[in-house]
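This report concerns only the one structure given below.
Note that the structure is predicted; figures quoted are calculated from it, not measured. In listed order, ligands and their atoms are each counted from 1.
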Amino acid sequence: MIIPRPRELAVHGGSLLYHQDLLRQGPDDVSLGDEGYRLDVGRHGVELTAGGPAGRFYGMRTLAQLGPSLPAGTIEDRPRFAWRGVMLDVARHFMPKTFVLRLIDLLAEHKLNVLHLHLTDDQGWRLEIERHPRLTEGGDFYTRADIREIVGYAAERFVTVVPEIETPGHAQAAIAAYPRLGNDPARRLRAWESWGISEHVLNLEESTIRFFQDVLDEVMELFPGDFVHVGGDECPTAEWERSPAARRRMRDLGLSGPADACGWFIGRMAAHLRRHGREPICWDEPGRRPAPGTTTMVWLAEQADAGQADIILTPHTRTYFDYYPSDEPGQPPAQRGVLTLADAYAFAPDPAARGVQCQLWTEYMPTPRDVEYMAFPRLCAFAEVAWGSAGDYPDFLRRLDPHLARLAAQGVRIGPLIP
Ligand code: ACM
């Protein structure tokens with residue numbers, strides 16, 4: 001459970017005034033699954049049995065949320081999805097490390113277990129790369145020490161940090177730093193200062209592949225999790241069509257045309273990651289099937305196409321919390337589109353997916369306070385969907401009330417409810 005329904009516990013009636021010293025922890029029961037737990041509340045105390053350390057962590061969080069008066073009974077609880085993610089775009093607007101740590105706490109409080117950091121885009125490159133220091137020149141970024149701190153802090157809370165390095169589109173900031181990565185090395189670009197999809201994309205040279213393999217090597221050193229995201233969405237092909245070098249390269253590689261070049265590029269990135277024992281991820285793009293073994297984030301539709309495997313569902317209609325949370329006037333500027341709390345709660349992901357993830361693209365969220373306003377309370381609804389405990393919406397709203405009071409007490413800025 002994410003936001004407890006106390007009556008679920010009240011199977012035998014009665015209640016227990018809970019004190020820490022009434023908690024017993026039984027030996028692990030692997031049948032509960034790594035993240036599962038069981039709480040037995042009787043007259044003499046509470047017994048917590050977990051499937052493993054993460055389950056114990058979640059069991060303790062549920063106890064804390066239930067408060068001091070526990071109805072007697074048993075609850076057995078485990079998540080529906082193994083991947084319960086939140087993506088934070090730190091490229092469009094950089095978010096200070098202190099906020100990333102706070103967000104990790106908020107993820108853990110909602111039993112979410114993946115923080116996907118969108119670290120690079122047209123507008124900025126936010127990760128220190130020792131071999132290519134100009135990438136972060138003149139902009140805000142995380143040092144290697146920052147990343148180690150973030151990754152360690154997250155691990156203590158059973159959150160895995162998944163880095164994303166965007167290729168071959170959404171890469172203007174990298175081309176601005178190193179013009180030889182672009183399709184016109186004589187052209188001087190700046191990191192982009194508006195929103196949208198830049199036409200300036202990486203070139204297809206082997207030297208550019210090697211540059212990004214270097215980047216991925218440092219990324220793998222800093223982020224110990226299994227997964228590394230290499231982008232792959234929204235890559236305009238106009239520069240490849242115009243460039244004699246790109247046309248020659250596509251011919252030499254036997255690509256049928258520019259439409260195949262994006263898939264080729266992320267395929268090279270994916271192969272490099274797999275050689276190092278990591279699992280590549282890319283965004284889904286219409287008409288492109290990534291190399292087998294590449295996990296795909298499906299964002300344009302609410303379900304995967306038949307036959308697509310290794311899917312994480314990230315549909316923009318249910319999980320893009322940069323859309324307006326309400327169509328009432330007076331909201332701060334946001335991405336065009338409306339995604340209400342009810343819309344977020346009504347997301348019914350296919351249980352066959354590996355996981356689900358909500359997105360905080362930050363074009364219109366210049367500060368952490370803006371991110372909080374857009375994330376909450378929709379993230380609470382998403383967390384119940386991800387855990388698999390979502391049900392009746394009016395019941396959710398009743399349970400949400402005391403939960404939002406808890407968040408507000410921590411100083412979290414909460415956006416509109418509009419039931
Ligand atoms: C995306 O929203 N371009 C993944």
Flag the pair F94 / Y142 as yes when their ring centroid distance falls below 6.0 Å, and as no otherwise.
yes
Are the aromatic ring centres of W125 and Y178 under 6.0 angstrom apart?
no
What does the N/O contact table under 3.5 Å look like for ligand 1?
{"unit_1": "ligand 1", "atom_1": "2 (O)", "unit_2": "Y320", "atom_2": "OH", "d": "2.6"}
{"unit_1": "ligand 1", "atom_1": "3 (N)", "unit_2": "D233", "atom_2": "OD2", "d": "2.6"}
{"unit_1": "ligand 1", "atom_1": "3 (N)", "unit_2": "E234", "atom_2": "OE1", "d": "3.2"}

Is a salt bridge present between E35 and K111, judged by a nitrogen-to-oxygen distance below 4.0 Å?
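No salt bridge links E35 with K111.
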Please determine whether a side-chain nitrogen of the Lys or Arg among D122 and R92 lies less than 4.0 Å from a carboxylate oxygen of the Asp or Glu.
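Here D122 does not pair with R92 in a salt bridge, since their nearest N and O are not under 4.0 Å apart.
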Taking the side chain as every heavy atom from C-beta outward, state whether L135 and F141 have any atom pair closer than 4.5 Å.
no
After noting the C-alpha distance and the side-chain angles of L417 and L404, does the key distance pass the side-chain contact (heavy atoms from CB on, under 4.5 Å) rule?
CA-CA 10 Å; L417 226 68; L404 292 183; 3.4 Å; yes
